[in-house]
Amino acid sequence: PASALTFRYAFQGDLNGLDPYTLNETFAQAALNNIYDGLTRRDENLKIVPCLAESWEVLNPLQWRFHLRHGVKFAGGEDFTADDVLFSAERVQQPGSQMTTKIPAGTKVVKVDDYTVDFILTTPNPILIAEWDNWMMMSKKWAEANGAEKPQAASGSQLNAFALKANGTGPFMVVSHEPGVKTVYKPNPNWWDKANKKFNFDEVVFTTIKSPATRVAALLTGEVDLIEPVPVQDMQRIADNPTTSVLTGPELRTVFLYMDEKRDELLYSSVKGKNPFKDLRVRKAFYEAIDIEAIKTKIMRGLATPSALLIAPSLYSRSGEFKRLPYDPADAKKLLAEAGYPDGFELTMHCPNDRYVNDEAICQAVTSMLAKIGIKATLNAMPKAVYFAKAGPAQHYDVSFGMLGWTPSGLDSWNVIANLAGCRDDNGVGGTFNYGGYCNPKVDELNKQILVETDIKKRDELIAQAYKIISDDVGLLPLHQQALAWGVSKKIKIPLRSDDEIMFYTANKQE
Amino acid sequence: MKSQSDDITPTLVTVSKLRKVYDLSGPWLEKVLAGKGKQTVTAVDNVSFDIKRGETFALVGESGSGKTTVARMVVGLLERTAGEVRIDGISVGSTASAGERARLRRSIQMIFQDPYASLNPRWTVGAIIAEPIVTFGLIKGKAAVAERVGELLTLVGLSPADAVKYPHQFSGGQRQRIAIARALSSNPEFIVCDEPTSALDVSVQAQILNLMADLQERLGLTYLFISHNLAVVRHVADQIGVLYLGRLVEIAGSRDIFERPRHPYTKMLIAAVPDLEDPGKAPEGIVGEIPNPVSPPTGCHFHPRCPLAMDRCKIEVPAFRDGVACHLA
Amino acid sequence: MLAFLIRRLFEAALVMIVVAIVAFTLFRFVGDPVSQMVSQDATIAQREALKAELGLNDPLIVQCAHFIWKSLHFDFGISYKFREPVVNLLGQRMPATLELAAIASLFAIGIGIPLGVYTGINRDSLLTRVIMAGSLIGVSLPTFLIGILLIYLFAVTLHWLPSYGRGETTSFFGLWQTGLLTSGGLRALVLPAVTLGLFQLTLVMRLVRSEMMEVLRTDYIRFGRARGLTNRAIYFAHALKNTLVPVITVIGVEIGTLIAFSIITETVFQWPGMGLLFIQSVQFADIPIMAAYLLLSAVIFVTLNLVVDILYMLIDPRIRVAVRA
Amino acid sequence: MSDPILSVKDLRVEFATRSGPLRAIDGVSFDLNKGEVLGFVGESGAGKSLTGTAVIGLIDPPGKITGGEIRLEGRRIDHLSIEELRRIRGREIGMIFQDPLTSLDPLMRIGDQLIETIITHVAVSRTEARARAVKLLEDVGIPAAAERVMSYPHEFSGGMRQRVVIALALAAEPKVIIADEPTTALDVSVQAQIIALLKKLTSERGMAVMLITHDMGVIAQIANRVAVMYSGRIVEIGPVADVVRQPAHPYSMGLMGSIPSLHAEHARLKQIPGSMPRLTALPAGCAFSPRCERADARCKVERPALAATGMTTSACFHPVTSTVAEVAG
Amino acid sequence: MVDSLIKAPRSRLMLRLDAIRDSHLFYSFTRSWIVMVAAFFALLIVAAAALAPLIAPSNPLDLASLDLMNARIPPRWLENGDPQFLLGTDDQGRDLLSALLYGAQVSIGVALLSTVLAILIGVTVGLIAGYYGGIIDTVIMRLTDVQLTFPAILTALLVNGATRAILGDRQIQGSEFWILVVSIALAFWVKYARVVRASTLQERNKDYVHAARLIGVKSWKIIVHHILPNVLGPVTIIGTISLALAIITEATLSFLGVGLPPSHPSLGTLVQVGNEFLMSGEWWIVFFPGIVLAGLALSVNIVGDWLRDALNPKLR
Ligand SMILES: Nc1ncnc2c1ncn2[C@@H]1O[C@H](COP(=O)(O)OP(=O)(O)OP(=O)(O)O)[C@@H](O)[C@H]1O
Ligand SMILES: Nc1ncnc2c1ncn2[C@@H]1O[C@H](COP(=O)(O)OP(=O)(O)OP(=O)(O)O)[C@@H](O)[C@H]1O
Ligand SMILES: [Mg+2]
Ligand SMILES: [Mg+2]
């Protein structure tokens, strides 16, 4: 229709495939959350609220019961029932799924009746549903009719219908999807939650615009209504532009640096025969050499919150108790000298250059700050696709000093400690994203307790202990929480969510 | 430096049954695809002649008749398809021993038609002239070489000071002198001249022809002289061979050929030359042009243009006998 | 003539096979497909299984032969990144690139030839000097800079033209998404096409100019003047036509390079074409796409060459003969 | 004698160079009568072609006519606008160039080039022009002309192409033809045919011809009068037989002497020492004086004008008339 | 021996100078002020780049000297400018003028070396193909056909990627410069090979080559002493023009992210980084490198262009 109202938004990356179990990536999950619903969802304040499950109860620490919403239909017309939950639970654990951890191993899913489902666990798990907003319910009938019972495997050797089509219960449905180019959504006429409908447009068009300058230009010219992310340097410009504004807020992602503390000899370094990072004084010296305030004002233009912890303050009640080590290059030099490196040493720093806000610039700044204490760090910045392969288990953690950002998907500290600080072996069993290989058995022990502790207070105490150990060990070098920034046209009203998900149904566009 | 054979036989160069076939067909694939056989041009066919020491043998013929091809085969720049060239008893080509080959190379030189292309534009005249000396190692020492270069330059009527200049600083006639100086630098006995004056003005041509004649006299040189200009040939040659489409049609002494031409083609050629002595005379009886050598006429190549052609001429190649190749001679 | 074409096809096939081998070997060693495809927490065993499934453990020769055989059937596999058959992806992206390249070359040729003719005829006029100097700027500014400047000027500052993408497209029998039929699509084409075509425009113009200048000195032009032919006949019927033979070769090659240069333009303008796909896949080590892209650009190049050869024959009777002989 | 059809007076052509103007033609005057063939001879660079190009108004910059006048049937044509000149070219004055290989547009059929030329100058229809084209080709002796109009230039042999070039020059029936070395690129036998053709055409159509060549033989065969050029000037002009037999200017004499003759063998050629000076280094006075045996002090400073000297008109203070006359007597 | 004669002795230096002064080349050079300005500008940048360590106010490669708090200071003459930084600073607090000088050094280095390498490869290949002909020629020419299928930028991307993949990340460290040089050289050698082959084909049939062969000069000597000097004319012209192209290609590769690391920036890297600040008003970060890059390419192009026209006898 000629007068159709369209909401257009652009992101720096692509939407790779529409199968919600294929890719565990913030952006893809967010995009698909507009089409699919989980049993739960998070509201604008990221509080877990009922979604396809109207309510749930913990019958005992090992059994959770979910009461499903009645009268929900998939976009394709199928009714949503317990069978679909069972199907989704099975499907999400099939090979090829990147979401297997959504359901703890060994969990049995039992259909009580058409609208009641029980989850029977093998160990207590207080945070079972923390990540369920991103476990999206799929239609059993549709999947079977389309031969898509299994997730679209990343290997791509066979294709299934969900790679290019979608059928969810969410507010929108996909009309067309051109991978890497654009995806067009239309409102789902069968949506169950019309009461919550805020949006007024007839169409949503998502486009990839990789180049930051072009993305900003497209917003300024009004070709798109929302862009994400906004290059920090262009925020002022967008804010000053009469038709656009910037929505900023703290993001949950913490950006930090890791050091190879596992190898006996550092890979990319002039130091031979030993690994300086095994020495606490060296790690501390690195920490103290970083002028986080300068990074905040000059590189992040104020849009960052320096952090002492690996988790955003809002996600952990006792964050305030932790303080960063002071910026003190003189002391850093002293520590280095004590550790036996009065003249410093050489090493290579690896960084992504298209993942976090100003990632490469931050790394550059770090290398020059390190230079001031005598550490000659050579920066090697690369696209994230290459970087993560290199830094991860696939290439055996082939990095000595690098950068990573982390948002715990359950928004909970356990995830942080387990993934980033848990001991791991050379194959990545253990703390998978503990790229530096920091290891303190005490932390592992605490982590086990945290997982099963249901008493919030006690749990927070255990977490505090773990964080304390990590901080004292200077196992990782936290930098900051980067700020979230969306560039929006003034025609658009949309709440900024700190999980960085753009929920179309919460938006509204002026005609 | 004269060889002993001098006294026994006055013949320096013997060319026998020389033949050159060029393959014109493209790559193998094309032949197959086009469904065509090999396409060839017989540029030179069964050419034989002798040159006596100290004499000038001239080859005349129209464009494409194979003069250059013969010249190149004689000096060994071009592979022969068949036939043999002997110079001073040594066969030009691979059969000779290394020492003989070197001696041969030293005794043959060539002067080319285009004085603009035969001198390397990036080399000084001195270097150009010295190249054979240095290559053959005839003279050792830089100064000695330079001196010899100066001598040679003087010999051809230039100044030793010209050695430091580059070819583009000279006129066409002067360049041809430089080329001659270079050819003389290895003390050759035999010089092949491929149309050495056809790019020059008549007045310059006279200078070069005179110079060549002087040098022949002084140094006892033997020339194979190639030209399309009958008047020039008449002027320089002792013996003349007339080429038509790769075949020799007539060989005779210079005077004989002009006074008593025997082959109809020779007659026609002579008739075609404008005669200064007889202004206003219209050339007569000249028909047609030299045919495409890829598909030459059968029998005697000349028969389509020949006023005397008989049926036999169309079928049978006339044998070369008594200095002429004609059924009527 | 037929033989000539067949020979050309044969040569083209040879070139293609070499390209295929090169493409295969090069990409076999760039990036690690497995680590791109599995989730970050996949185990080593899972990786090995995937490697086996992808055939990455076979001997190289086998992999290569397999690759060529499948390519012949337009089976380039499935993109690691987009999880779609590469043929489909290229099918979606190719129209965008081909339209862009076509418009860019039209722009380059349509303006380059007249400018070249003008400057070739009026060797020393003021306008010629201005054009010649200006054209150098076209080859001196990096493409990406030109693109950014154009966006800044025409999209951000003047709001005349869109800054990215293809605009509105319409489908042609469901096979070809074209941007040529809507005003939005055409507007969106302007900036990228200019950016892409500027370099080629300069080349074409300069080539036409120098060829023109050379042809204008030939004997047949002098003879034409001596016969009192009009300037129009001299410049267009004789000079330009003779200029075209070398120009066509260059244009053929240049259109081929346009396809490759669109990588940069498409990146700057987020133009959803093959170039963008290629650079995306380079960053992702998406081997099937890269290989297919390379083969495709080779096919385009080879086809263009063939077209050039045929045009050659149409224009130049001498070549027709040479071919027949 | 009637008024000349073409009259050139004191023509001067200069090239603007960075070191000032270079005078390539300096005071050339001659008349060309209806039906007359006037030959121009001289060494390369003497200014023969330039004279011809000046007459037809085709001198390329930086060359320019800087003096004198050119009259065609009494009308001055050296000051005409480009468009007016264009109309004269082909229609009133035609020109033939040396190389038939390159004088024809390789991409256009012979017929189309002819038709194009005819239509440009004569108001006829295409069909009519085509008929005329065929007729023209027949006139220049191309067999099966009706079929061959559709051929491309490369399908013709060199001699045939030169015939086509001549046909093109004649297409609009000009009154004057400038033939710049029309036979130099051709073989003797073909040259003879082309000369015969030119001769026939001039006598049949009464055209006047400026025949530029360095081949005295050609001039002798076809020209009525001849002008000898040296360093941008006419040094001698007169009836062919007289210039050939009794040249008055020492240069003409040298030139004639250096031409090898068909009749005398092995005689040493007369040669003029040195070479023609470059335009940049012209001597004061008579340009030939440095090479001239007869030159005296006056020749080195003063420039001789053309004046009647015996049978011919020459520019020399010490013409050779008397001696030759004595010999002749 | 012959070589020594080819070379003019010193006494002829004056002669040479006269020749140069008289030459068409010199004349047309002095006639065009644009060419003179361009040549001057190019030389100026080259000289400044070569002398960067001496004239640059600071050493941008010395990371310790950088102070992040100096980031994004505008040029001196603007408000908030700092007298210490004439052209301002970039986002890392690097003095832009120094970065420019060092960056130009890298860019010019890559361009020059890659062009030289391309010429070496191309000329050698072209000479061999052209002189020996036959099967060698066919093979080489088919190879260049294939190479032409991959336009320069693609070839450079490929070579770059392949080298990186083969060498592995560790060896890459510090050899990015050479990888760039090699990738650009491999992208451009074909042009020289083709041109040289074509000229060689012509030259080898010229009589001066025959004259040398006649006296038994060895093939390689003929190639090196006789043919090489005569085919270098077009090579110089293409070389100059590709020099500009190489500068741009280097920049483009940097733009596409496969160039030199930002810690050792080239002009291209500087533009690429600065590009992000175009809309935020910190224009100088991209402006100065952009101007120098474009100016350098432009002036080299102007000189190359003039050279092409001046050396083309057909256009005189
Ligand atoms: N390299 C070659 N390949 C094929 N054919 C050739 C080659 N060289 C010469 N020919 C052919 O051989 C024949 C004789 O050529 P050649 O050059 O010997 O003639 P020529 O008498 O010297 O002519 P010109 O007077 O034009 O120099 C010609 O038909 C020519 O086309
Ligand atoms: N463009 C030019 N610039 C400078 N001088 C020129 C130019 N064109 C011709 N000349 C000079 O004009 C003079 C006459 O040249 P022209 O072509 O008329 O000689 P020609 O007698 O026809 O010689 P040829 O027999 O070689 O054709 C020559 O000295 C030549 O150097
Ligand atoms: Mg010859
Ligand atoms: Mg002339």
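Just so it is clear, the model here is predicted, and its values are computed rather than measured. Each chain gets a letter, A, B and so on, in the order its sequence line appears, and its residues count up from 1.
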Handout entry: Region of D:Met276 in contact with chain B, defined by heavy-atom distances below 4.5 Å
Key = neither

Exercise for the section: Could you have a look at D:Gly45, D:Gly42, D:Gly159 and say which one has the most heavy-atom pairs with chain B under 4.5 angstrom? Expected result: D:Gly159

Practice task
May I ask you to name which of D:Val190, D:Asn224, D:Asp215 has the most heavy-atom pairs under 4.5 Å with chain B?
Solution key: D:Val190

Might you confirm whether atom [atom1] of [X] has over 12 heavy atoms from other residues, nucleotides or ligands at distances under 6.0 Å?
X	atom1	result
D:Lys270	NZ	no
D:Glu293	CD	no
D:Arg278	CZ	no

Handout entry: Side-chain donor/acceptor of B:Asp201 to backbone N/O of D:Glu43, under 3.5 Å
Key =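 No, because the side chain of B:Asp201 does not come within donor-acceptor range (under 3.5 Å) of the backbone of D:Glu43.
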
Do [X] and [Y] have side chains that get closer than 4.5 Å, going by heavy atoms?
X	Y	result
D:Arg268	B:Asp214	yes
B:Val202	D:Met216	no
D:Pro273	B:Gln207	no

Practice task
Of all the heavy-atom pairs spanning B:Ala206 and D:Leu269, show the shortest one and how long it is.
Solution key: CA-CD1, 3.9 Å

Handout entry: Interface moiety of B:Leu230 toward chain D, non-hydrogen atoms closer than 4.5 Å
Key =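 When you check distances to chain D, atoms from both the backbone and side chain of B:Leu230 fall under 4.5 Å.
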
Handout entry: Separation of B:His235 NE2 from D:Ile259 CD1 (nearest 0.5 Å)
Key = 12.5 Å

Practice task
Kindly compute the distance separating CD (D:Gln271) from CD (B:Gln205), expressed to the nearest 0.5 Å.
Solution key: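 Output value for this atom pair is 12.0 Å.
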
Completion exercise
B:Thr222 meets the side-chain hydrogen bond (donor to acceptor under 3.5 Å, both in side chains) criterion, sequence neighbours left out, with none

Exercise for the section: Give the C-alpha distance, both sets of side-chain angles, the deciding distance and a yes or no for side chain to side chain donor-acceptor pair (under 3.5 Å) between D:Ser189 and B:Arg305. Expected result: CA-CA 11 Å; D:Ser189 62; B:Arg305 299 173 76 184; 3.2 Å; yes

Handout entry: Members of residues 240-252 of chain B whose heavy atoms come closer than 4.5 Å to chain D
Key = none

